Every structure is written in structure tokens, then in C-alpha cells.
4 protein chains.
Amino acid sequence: MTAASVTRLLAALPDRLPGLRALYEDLHAHPELSFQEFRTAGIVADRLRRQGWEVSEGVGGTGVVGVLANGEGPVVLLRADMDGLPVQERTGLAYASRATAVDGEGNEVPVMHACGHDMHVTCLLGATAQLAAARGEWRGTVVAVFQPAEEVGGAPAMIEDGFLDRFPRADVCLGQHVAPAPAGFVGTRPGPVMAASDSLRVRLHGRGGHGSTPESTVDPVVMAAAVVMRLQTIVSRETGAAQTAVVTVGSLHAGTKENIIPDTADLRINVRSTATVVRDRTLAAVERIVRAEAAASDAPKDPEITRLNSFPLTVNDGPATSTVMTAIAGVFGEERVFTLPQTLTGSEDFGVFGTALGVPSVFWHFGGADPELFRDIDPETLLTDGLPETVPANHSPYFAPVPDPTIGIGVTALLAAAAAWLCPEDAPAPGGQED
Amino acid sequence: MTAASVTRLLAALPDRLPGLRALYEDLHAHPELSFQEFRTAGIVADRLRRQGWEVSEGVGGTGVVGVLANGEGPVVLLRADMDGLPVQERTGLAYASRATAVDGEGNEVPVMHACGHDMHVTCLLGATAQLAAARGEWRGTVVAVFQPAEEVGGAPAMIEDGFLDRFPRADVCLGQHVAPAPAGFVGTRPGPVMAASDSLRVRLHGRGGHGSTPESTVDPVVMAAAVVMRLQTIVSRETGAAQTAVVTVGSLHAGTKENIIPDTADLRINVRSTATVVRDRTLAAVERIVRAEAAASDAPKDPEITRLNSFPLTVNDGPATSTVMTAIAGVFGEERVFTLPQTLTGSEDFGVFGTALGVPSVFWHFGGADPELFRDIDPETLLTDGLPETVPANHSPYFAPVPDPTIGIGVTALLAAAAAWLCPEDAPAPGGQED
Amino acid sequence: MTAASVTRLLAALPDRLPGLRALYEDLHAHPELSFQEFRTAGIVADRLRRQGWEVSEGVGGTGVVGVLANGEGPVVLLRADMDGLPVQERTGLAYASRATAVDGEGNEVPVMHACGHDMHVTCLLGATAQLAAARGEWRGTVVAVFQPAEEVGGAPAMIEDGFLDRFPRADVCLGQHVAPAPAGFVGTRPGPVMAASDSLRVRLHGRGGHGSTPESTVDPVVMAAAVVMRLQTIVSRETGAAQTAVVTVGSLHAGTKENIIPDTADLRINVRSTATVVRDRTLAAVERIVRAEAAASDAPKDPEITRLNSFPLTVNDGPATSTVMTAIAGVFGEERVFTLPQTLTGSEDFGVFGTALGVPSVFWHFGGADPELFRDIDPETLLTDGLPETVPANHSPYFAPVPDPTIGIGVTALLAAAAAWLCPEDAPAPGGQED
Amino acid sequence: MTAASVTRLLAALPDRLPGLRALYEDLHAHPELSFQEFRTAGIVADRLRRQGWEVSEGVGGTGVVGVLANGEGPVVLLRADMDGLPVQERTGLAYASRATAVDGEGNEVPVMHACGHDMHVTCLLGATAQLAAARGEWRGTVVAVFQPAEEVGGAPAMIEDGFLDRFPRADVCLGQHVAPAPAGFVGTRPGPVMAASDSLRVRLHGRGGHGSTPESTVDPVVMAAAVVMRLQTIVSRETGAAQTAVVTVGSLHAGTKENIIPDTADLRINVRSTATVVRDRTLAAVERIVRAEAAASDAPKDPEITRLNSFPLTVNDGPATSTVMTAIAGVFGEERVFTLPQTLTGSEDFGVFGTALGVPSVFWHFGGADPELFRDIDPETLLTDGLPETVPANHSPYFAPVPDPTIGIGVTALLAAAAAWLCPEDAPAPGGQED
């Protein structure tokens, strides 16, 4: 790649950053739950239109798709996700969220951009602005996808809403995620980059009664506790060191009062895995344990196990990933681009687009944490030792990427990656190509 | 006792039963949460006034007190409690509750008379009607107490609202509770009749994060499960066969989504005990275990343990209990009156009145379950073997005393017991007296 | 009873106490495992013969029976048990045991009289000496039974060895046990006095392998731990306050090395209960939990559950118990004889004799702990609050009754009880008789 | 490498295989525990001497060292370990072990070559025979180390016994281990190849007593079960997917009888880790949990935590590993030599020699399982999905490498690797060198 084309694509970015920062703070202050991103989608559509993009709203619920056709050339899909999470923000930021919303079960819950999707929207709107403003620097078509409801696997809703037929078919799909790594660094890997994720709802049936006469009941709270303790053994005893599985009981709810033994207990369980065989085995073990613990309690009724959602493995195309990493390293320097040593346990539905289109995908992570937090840490050890406790991770009530330099990095990475296809002098053939 | 006076007190009861049954069904269909018994209190006050009682409303919140002075003689306090519970009724009765209410934490919850307080109100209003209608048959003063919020220990609120000064000071306090025993039977015992009850709220502090990276969190769901499993050992290993303790975790709530590890988990724990030394030891063990399990999890912050409420031991005065049992047996026959072999694990705040007044109390249980359910059961074994599974216990979503003969039995027991003091020819000296 | 006859029976006791104390210390220093009581039985037979009793040895293995016929009159069976336990004594006494023996599984184990059977033998030999020496004071026949192997339920072995036919058939069976109560006190109760006891051996099957690859194994250590934790819920959640059950896992053995996951884990479980319905339910729950936890672990083979031994409920005959308590109170004073408020959770096979003979039994406890340890304790609270931690209980490595006054009390209690039948002026009719 | 030199080194191997097979079966039938390898060491020394090696016995206990100086050239250390394990063999082989031995705690235990060290000894004796027989084909010195007690970390005993001064200082250390992979395949990796291993003995202190009165005890069986369940959470919740930790409780022993609650419970715990930070964190977590669970039980005394042994990370030198893999692939073909994708969780003390000498080490694995067992399995999946259940792993009672072709492969791999240094035409400079 000649740095020249990317340099020109990026030329006006510094002037645009103050506005993007204001946008980011506004989005952060107004998070919306999955499939409820009405305000966010409105802002996105409005900005895209003003930038000169052809805009479709309400794609797959609250999704927005912008198309910018700019002559012959490859079609590049750039994707951001828009939804927040039911988390009570505790960052103490001036622009912290105070939003609440009614969730799918009718409960009013706090809402927070605890996964950084506000950053994703901001960066993609920054990239679309640059692309629209510098049409002379590139050729082809860009499809900017602002997806709803990534947290609950909303990508299929866009596909089911005619995405493949309604918009130019992309030659490559590009996406990114902000991570609790130092701002300024980018990482990815060819092959499986993010884990499969399967979520279950388990309702355990006991038999309620008065808290003073447990002998006339089957206590679902004790049953649930035994299930939780036993589920730990799937990872600790049934998963080898060469395999990856994570089993999290993210929510456990039972009972209303201290002296009434309830009839049921509800668990929500999330399973991560990076290989199909481990995934199958782990899901089978969860069910085996849930049923056995119900039997141990002499439950009057079998547990109900319901699939909530499933995210497939996110798999990066090898040559396209090499192209993207080279392009980004060309801007940031080799020392700021890492090959991840293994599949991350986080999950994504980004891969749904590439799979549906039958084209290569590349998904990368860019750091959003204050680099000062890492001042005394050997960056190499981050890959093996994990995050220091002082750095809030995604979904934490304290998670908030620093706007500067994260926004600039995110916009630049999108543009550099897209330019590998869109800038004629060095665009690879569709499907990616090793340099 | 001469059966004569009681017989005359009871004379018109059969005519009154259809109306009491309608009242009971109405109350059952319209349960109210603790301290929200506005509708119930209104009905009580209205009925009492129409019967000719002097009525005070709003005593200790929503309490109602009726006074009927009928010449020289002992002052007898009769008490019923009025509140329902946040339970979703599942009886399928025509008059089943469909009520909901907003609880103390702002949540809308279903409400049900799952503890039979509707029966208590009905029986006491039946008794007050008979007393008012048959003033010639007795002498003295009756104080009819319709107490709010028994489920959360509301009796002290009435005492704090000037109860001792505002109403005639009773010589004896009488109360009753409907039980999942066959309708037609009454049981009690001298000495401790109901357990002490202490309720705690425990907030466990973990450190939240993404469900895929548990290593950067302290998982409060696992911490809570370990606490629940460990709490079982207080009863199984630390409580002797000669002692009674019950430790129930009635509610456990943590998290909102399957893939977010929450920051905290909240438990509500109820402890029953029938001796002070066991009570102290059990409460200390709960705290010890909660703190140790937090330490085992490396919790970033100590658990918060808050006392929610405490019910004292309910202790029946020996001679007064003998008087009451004799009086009731005089009406129902000896074979229908049982001495309970030991303290029940249920709790009550009825004892607060006798303790505050410094006078004897007697509290008894009367069966409310369909006798058909017990057809093949040796009644003796009920006292040792516990309730058959087919009989719903108090606080169950299926608990609903059969109106007939329960209402008649409950009214009769109150009148027979009160008559032991109020019917001059055989009233004992205040304070109770063995025959 | 006239104190006179008992007084004369007891006349020479003070002179005999030093010899009995030496005997006790010798027996204590030389404990023998169940059915291995060869030395003890030899001493017993030798002493009985020298006292003038007709002696049979080897009854039911190592049992000894002495018969002393002394004219017309009731036949009274007095029983002591002889075996020690596989416990490493830690009393630090000069006469502490240093014995070892090979147990039934071929392991060499330490042996200790940790249950006080040495005291039982000593007291019964003291009583037989007095009875032989004071034949003029009583009439009838005494059958002195020195039973082997009480710890493993050895009484049936004597019955199966022709006990009923070989020895005079008793009219009443009397037995006693030393307890961790203050020396000088005696307690018992009519009806169930000691619990039923059922012991199980559970072998859990996992699949062994290297400690570094648990995923290729089924870890029986984790399976066993889950079983132990879950068994706690039988008592804590499935047993009512009106019921008594105790579930103890007394032994748990699995594995040889830290880095080899073994194939199996072995548990030994003891269940106590004081009512048949609770016993049946508890044993069923143990099996249910063991099988369910094996299923939760995906065990390659069902657990093996083997019955080790069963002790029936020990039930005291009502009138005979009254006779015995009155007789003992006549010597010690009423204030030293307690009615136990409930069935003890300890178990005995003493009841096997009365049941086989079809005659009344009475079994009582006598204190053996240094009264100084109870100086600051209200004796009433002992019955409800349990033993202070400073007093070692039966089966503890620190359990050792103080010889003085325990031996004198134990001999006296046996003689006073027997005299109620044997001393003609006040002997009740066979079968016991309330005074 | 020219295959020529290795080919000549291997020339007579086919004739030697029947004898090596007989040796292997003899060693397999006569396993010996760590530091008790007297018979094995005798056979080794005898064979080496007859082959013409200079032999030292009793090095570091039962170790044997053979030295063969063959002119100027590099010094190559070849190492095999000799000890068996306390496992009851269940292979059903004609030459299965029936051996028993007395372990370090005085217990008689079965012994088995469950880790394949018999194969290691056989292969190294095959290699030494070839080296001695074909001195014309190589130049330099070989130090053949037959190490005792690998299972308990015996290598340091040889170092402490003057190994560095007594024998020629090697330029490179080579070792191998038979694995449950298909016979015919070899695998290794540069960098960390085997995990660190730390073993702990934990004694939990309760307070014993009678099984029927748990309330007067602190039950160490329940305490141990709670510890085991809680330890699972270290791997399941505190270890990230990018990290490796294994925590195994390989042995748990408490109590002697079902109705005696013991004073103590003993656990043996093994911790594997592949990074220092994870190792430190995991060991700290084990201690934290053990202490907290003792506190939860109100233990009368702190747990005792004793370090049993520690194995360091086994780290392969990068260039030397490349040399070895190339050399072995030169004989077997590239398709039979795999680069392991990650550090194995097994541990070794082989690395102690290279570390003490300050020279490069290479350690590789060679398959010993019947290839038929893998007929339907994609070899690629073995690296991620783990071993099929039908293939017994090391330390299993069913583990037994097939003699043919495993012995031939093991001898050949040792010779091919050694030849990379010893065969002049292509020997790298000491320290290893990439081709």
C-alpha cells in the first residue's frame, strides 16, 4: 500500500475529531437497549444523509444502512453496532448515562454503553464522513452497516430483512471492537478470533412453602446453588488446557421474601467455546448437571432449559486479515499491531454478514483504555497474564474508552483497512490477497 | 365452665355463617400487602361500627381497634392480623386473588392471602358480631385488635402508636392462626409455642465484568451459591437433635443478563429458633459463613449484613393456656384439642401485646385443611411425621383454608376462649387459673 | 422401695472401689476392637468365676455370660458391652491406650476405649461382685451379659448363638451407658431413648487418570465432595423441626497421590433417626443424592451402596422405666435423676435382648465427666443447649470418664435398679410396675 | 543432516528389538516406587557395563550414569527416568505388574509403570547399545542418565550428588516421554513444553466426636468437601482462557468409621501452570480458599499447608529444538513430526539438568498407543479436542504403550537427535543452531 492514499483519506480527520468527541459523549449519555436504538439510529441516519450517503432505516428493526457508490471498484462493508446494556453506569464521567429503559421482561432497568458500541458508531460515522468528503481518493462502493442489538445477536434480523437483496453485495466485510487494551494498539488474528457463545435460560422447579417448614417443600434456592457450584466443574474438570470453555451464570433470581420458599429459581447461563467439539460437550454437560441436580433435590418437575441466543465463532479470513493488518501497520507502525495468540472468549455476530454473503470477513480490536494505566506493565505480558485489575473490562459499570486518542485510532483503522480495497493503486483482488 | 354460656354466645352463629363466608371470599379475593391494608381496614371498621363497637382506625398505620365495654369484668384482647403476601395465587378458586401491588422496593408484585389472615379477620368479625349481639351472656370489656403487617412484624407499630394508653388494658391476650391441619382440630401448648424469627438481608460484593472474562471479575453468583450451600451446614452439623434451628434463604437475586457478571448478589435469609442460645449461635454462624465465603472469593469489599426484622419467641402462659384448652375442649370435645409436642417453627408478633401489657397470652392453631385430605392418615403421626405433601402449607401459592367448617370453628374457638374470662359463673381470676 | 435392701447390697462397695479403679485403668489401657475382645473377655470370665458365677465364654464370638441363681424370684438381665474403637487416644492419661489392632479391612489402626465400654465392664463386674457377696439380701436370678462388638451391632450374634435357650429367660433387661454429663447424675426416659442408626458404605466410581488432564477422567474426589455437600441438605431442608435425623459422613477416602486422579472414592455414612418414617425417608434421600451426584459427574458406573449395619430404636418400657428411675432416685436423691426431654441421637443394640425375649427393657445414662467442668453451667441448659465444648463427647480421642465417682455411681445404679426386682419386699411384678 | 550417518547408527536395530522387547516386558512386570528403583538400576548398570560404558551407580540415590567417550566432539546428555507409580495395574497384559511396595508413609501399595518410564529405560538402553556398537559412526561423548524418582522430582538429588563435577559437562540435554498418541508420531515445541507443577499437602483441623452429635464437633469431612468444591472456582472463574491452570485434589482422606467424626482431613493437591504469574496467583488462591473454608467451619486450628514438591516449567531451547525436529523428521518423515500448539499440562524435572548445566535442553514426546485406536480420528483434531476416551492416558491403570513399534521409534528418535550433534559432517555448534 502506498501510505499516500490513506494519508489523503485521513487528511481532514484532526478537524473532525472535536465534533466526533461531542457525538461520542452524547451517544454515551443516551444508551439504548437492544432493538430499542431509536434515538441512536435517528442520529446515524441524519448524519449519513447530511454526509451524502443513501440511507435506509429500520433494517432488521432499528438498523441503518448507508450506501456510497463511488465508481467501479470493490464493495466494502463496514459495520458498527449500536446497542447498550442493562448496566448501572458507575464511571462518574460528566457524560455518564442516567438512562433507564423497560427490558424485554417488563422491568425498568438502567442502561449504559458498557460495551463501547457508542465508540463503534462514532468511529464509523467519522469514517463515513471522511469517505464522503474524499471521494477523489478512492473507487468502489462502501456499505456502512449500523447494526442493532449485537448484544442479543441482532445481525440475523438484518439478513432476514432482505439485506442481501436490498444492498450492494460486499466483497469483504470489515468490523472492529474497542477493547480494554491501551489506546493506540490494534490486534487481531487469522482464523477463529472470537468465541462461540450460547445462552440458556434455566428454570428450576421446586415446591414452595413457608420458610419455617422446609421439609414440606423442595427448596429451589438450594437447588440453584448446587447447580452453580457444580457447573464450575465443567471448566475445572471437563475442559482440557488445550481447549477453551467459559461457563458463566450471569443471573440468578429466586424468591421474593426471606420467609417464603419459592416455587422456582431462574438462571441465565452463558457458554463460550472456541471449538465445536468443546461447545457441544459443554452444552451437554450443562444440561446433564442441571437435570442431575434437580434429581438430587427430588424436584417435582423437570427443569426447563431454553436457548436464549447463539453466536457462532467469528472467523477471520487468512489472506484478508493479512491485508488488513499490513494496511493498519502501515499507518500506525508495526509495533502497534499485534497478532492475538489465541481466540478471544468474547463473541460477536459480525461474522453473520460474511457468512451470509459468502465473502471474507476481518474483525479487529482496538484499545480504548488510558495508556497511563499500563505505564508499568510489559505489553507482552498482557497477552498471557490478562488485564490488570485497574482496567475495567467490557460490560463493567466502569468501562469507558478514553475519547482521545481512541476515536482517532478507530476512524483511522477503518479507513486504512477499507483503503486496502478501495484505493486502486494497491487494492487487492476481492477476497483478500497476501502482500 | 358451664357449656351454657358459650352455647348461648354461639346461638345465632349458624345464621351468620353464609355472610361470613361471603366476607371471607371477598377478603381472599382482595389481599393487601403489609401496611397497605386500606380496603381491609375499611371493611373491618365499617362492620365493627355497624355491630356497635367503638372503633379507632389508623392505629399503627392501618390497624383497627374495636372496644366493646359491657359492664364490670375482665378485659379480654382478641387479635387478628390482616395482611397478605407477595405470592402469585395458584389455587384456581373462583375467588382466587388476581391482585398486584407495589412492594417496599418499588416492584409490582402479585398479592395473595397465602397465610390465611383473611380467615383470621373473618373469624374475629364473626366473634365480635356474636359478642355484640349477645351482650346479656357475658360481662367485661373486649378489645378487638385488627393488626396490620404481621408478616413484617407490625405489632410494635401499634404499641408505639399509643396502644397501651388509648385502649382498655387487657387482662389476657388471645389470638389464633389457621393451620394446614384438618379443619375441626385445635392445638396449642403451654410455654414456647412459636419460634423466634430473625431475618437478614445480605449483600455480597463481587466485581462485575464480561461473562467471557471471569478472571477479571469476582463472581458474586458463585459466591452466593457457596454461601447457600455452606449455610446448610449450620442446621446439619452445628445444631443438635435437641435443638431447633431453621435457616432459609428465601430470596436470592443477582445479575440482569447471562453474559454480564454482576457486581453484587442479594440474599434474604430467615432464621428460626426455639431457644435463645441456639438463636444466638445460629445468627453468629450465618455471619461467620457469609464473611468467610466472601474471603474465599477474595471479595473486594465486605458483605453487608442488615437486620430486616425480628420476631420474639411466642410464649403461652401455662395456666391461661390450660384454661383456654379446657374451654375449647368443652365445646369441641377433648378428642379435637391437641397439645403440640413441641414449639412450632412458625413465628408471630402476637406475643408483643402480652409482653407490652405484662399480662398472659394464649395463641392457638385451628385446622383449615379439607379433612378428606387426611382420610387415610393416622392423626397421631401428623405430630411427628409432618404434613402430607398433598396439603398445602402456609405461604404456599395453593394455601386456602376451606371456608366450611373452618370459619365456624374459628369463631367458636375465639368465643369459647373469651368466655372463660367473660362469662361470670366460671371466669377465672385475671391471669388465668387452672381449673 | 425400702432403702434398706439396697443399702445392704451396697454395704461393701467402698472397700471394693480401689480394686475396681485398677481394673478400669487396666481395661482402659488395653482396648480391643469389636469381636476381638479376647483379653477383656478373659478378665471378665476369670473375675466372674472367682466371684462364684456360672460362666459361659465365647457366646456370640467373644461374649461372656454369667448366671447367678439365688432362689425363687425374678430373672434380671444386666448387660455391659466390651469393645473399643479405632481412635488414637489423646487424653494424655497415665493409663492412656497405646494399643493398635488390625481392623476388618486389614489395616493396622490405633484402638481406644473412646466410648466408655471399659467403664461399663468395670461397673457390671462391681455389681456382680456385690450381688455374689450379698446373696442374703436378694432373691431370684441374675444373668450378667458381657456383650461383644456393640459398636458394630454385635448383640444379634449372641442371640443367634442360642442365648435364649442357653440361659435363664429374663423378666427384665437392664443396661446403662456412661455419658459426657457431670458424674453423679443419671438420666433416661420412657419410650424411645436412643435413635435408630443405619450405616452405609458408598463407593463412587469415576475414571482415573493423570492429575494434569482431568478432561480425560471423571474425578471421583469432586464427585465425593459434591455428595457430602448435598447430603447436608437432607437434615437442613428435608427434615422438619419436629423430626430428628442426623447424617454423618464419618470417613471419606480417595486417591493415593496428588497428581493421580483415582478411579473411586469411598464414603462411610451414618444415619440416625428417631422415627421410622424419618428413617425411611432419610435413607431414601441419601441414595437419591448419591445416585444423582454420580449422574451429575457423568460417572461411568453406578455408585455401590452397601448396608454396613443397622441399630434399631432403643425403646424403654414405660412402667419399668418408672420403676428404675424411682429406685435410683431413692439412692441418689431426686435431684440427681433426670427425665431426658427427648430421644438421644446415639444408638445401641441393647434393645435386641428385650425384643428377642419379649420382655421390658430399661436403658439409662450416667454421667462420667468431671463435675468441675460444669461448675459455671446451669444444669437445666444442658438438656437444651448441648454439651459445652470443653467436655469431650463419646468417640472423641479425649473421652475418658473420671473413675471417681463414676465407678461408684455406675455400680450403685445397676444394683439399685436390679434390687427393684430382686429385693422381695418391694420387687414389682415382672414387667415393671408403677409405684 | 545426511541420513547416512543416522542410517548407519540404526543399522543393527532390527536385530536388537526382540531383546529390547523382552527387557521392556520384564521392567513393566517389576515396577519400583520413586527412589526404590534398586532392581531397575541394577539391570541398567549391568547392561551398560556389558555394552562397554563407564558406569556410576547410586547417583542421587538410585540413579545410574553411563559415560561413553568416543573422541573429540560435543558432549550429549541422554536421559531416561526409571520409577513406577502406586497404581493398581488393570491392563490385563501377560506381563502386567503384580508388584506392591511400602510407600513413604508406611502403607503397602500396588506399583505399576503407569507413566511409561519402563519404555524410557528400554529405549535409552537400546540407544546406548547402538552407540557402543557403532562407535565409528560418531564422535564426541555421550552421558546416559538413568534418573530415579521423576514422579517426585528426583533430578535435583542427582545434581546435589555432584553430578556437575563427576561427569563430563554436556553441551546439550536430550530427553523424551512416551505419550498416549499414536505410535509412530513425535511432537514437541520450542519454548515452554511442559507445565510447572506444585504439590501441596493440606491438613484441615476440625474437632472430632461422635457421629450422632455433630453439634459438639467441627466436621473436617464437610470442611474438606467445601474446600474441594471451592477449589474448582480457581480454574473456572479466576483463570482466563489465555492462561492455563489445573488444580487437582488427587487424594482426600479423613476418618476411620462411619459414626466417628474425625479430627482432621488430609488433602493432596496438585497445581499445574504454564506461566509464572498464573502459578503464583493459583497457589495463592488455593491457600486463600483453604483458609477461608476453615474459617467458615469455625475450625479450632488453622489448616497446615505443606509444599510436597515443585517441578519447574520445562523450556525447550528454540534453535536446539529446531535441530532435533529436523533430525527426527529426516528419519521418520515430516508428516510424523508435530509442533505442539501449546504447552502441555504434564510436568517433568528433566529441565533441571539443562538449567544446572546452563546449556540448551530439548524434550519431546513420542506416541505409544496402538494406531488402530485412532483409525477413525482426524489427527489434526487430537491437538485441539484431546484424547479419545478409549485411549488410556499416562497414570491410568490401563496405560501401557504397545512395544511395537514404540520401542523402535523411541530408540531411533534418541539416536537421530543425538546424531545431530555427534555425527561430524552435520553436527551443529554446541548450543544448537538453526539449519
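In what follows, every chain begins at residue 1, and chains take the letters A, B, ... in the order their sequences are listed. Predicted, not measured: the structure shown is a model, and the values here were computed from it. Below, each value reflects all heavy atoms present in this structure, side chains not excepted, and no hydrogens, waters or symmetry copies.
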So, the part of Leu231(D) with a heavy atom under 4.5 Å from chain C: the answer is neither
Contact origin within Asp263(C) toward chain D - heavy atom pairs under 4.5 Å: side chain
As an exercise, state the distance from OG1 of Thr256(D) to CG of Leu85(C), rounded to the nearest 0.5 Å. 8.0 Å
Walk me through whether Glu258(C) and Asn309(D) qualify under side-chain contact (heavy atoms from CB on, under 4.5 Å). CA-CA 10 Å; Glu258(C) 58 279 5; Asn309(D) 57 58; 3.4 Å; yes
Whatever's closer than 4.5 Å to a heavy atom in chain D on Val109(C) counts as neither
Which atoms of Arg201(C) come close to chain D, meaning under 4.5 Å heavy atom to heavy atom: side chain ones, backbone ones, both, or neither? neither
Contact leader toward chain C among Ala226(D), Ala225(D), Ser396(D), Gly346(D), where contacts are heavy-atom pairs under 4.5 Å: Ala225(D)
Under a 4.5 Å heavy-atom cut-off, does chain C meet the side chain of Arg230(D), its backbone, both or neither? neither
Donor-acceptor contact below 3.5 Å, side chain Thr248(D) vs main chain Gly211(C): yes
So which part of Pro86(D) gets closer than 4.5 Å to some heavy atom of chain C, the side chain, the backbone, both or neither? both
Count the heavy-atom pairs under 4.5 Å between each of Leu344(C), Leu267(C), Val246(C), Leu200(C) and chain D, then report the option with the highest count. Val246(C)
Non-hydrogen atoms of chain D under 4.5 Å away: do they reach the side chain of Gln232(C), the backbone, both or neither? side chain
Under 4.5 Å from a heavy atom of chain D, the part of Leu252(C) involved: both
Options Pro220(C), Ala254(C), Ser197(C), ranked by heavy-atom pairs under 4.5 Å with chain D, top entry: Ala254(C)
Looking at Ser212(D), Ala224(D), Gly208(D), which one has more heavy-atom pairs under 4.5 Å with chain C than the rest? Ser212(D)
Which residue is it: Asn270(D), Val152(D), Val87(D)? I am looking for the one with a side chain to side chain contact (heavy atoms under 4.5 Å, CB included) to Lys257(C). Val152(D)
Could you tell me the separation between the CG atom of Asn259(D) and the NE2 atom of His395(C), rounded to the nearest 0.5 Å? 5.0 Å
If one checks every heavy atom of Arg207(D) against chain C at 4.5 Å, the contacting part turns out to be side chain
Distance in Å, Ser251(D) OG paired with Ile261(C) CD1, rounded so as to fall on 0.5 Å steps: 12.5 Å
Given Glu105(D), Arg90(D), Gln88(D), the one with more heavy-atom pairs under 4.5 angstrom with chain C than any other is Arg90(D)
About how many Å separate CG of Asn394(C) and NE2 of His210(D), when rounded to the nearest 0.5 Å? 6.5 Å
Contacting moiety of Ile269(D), where chain C heavy atoms sit under 4.5 Å: backbone
Closest non-hydrogen atom pair, Val228(C) against Val221(D): CG1-O, 4.1 Å
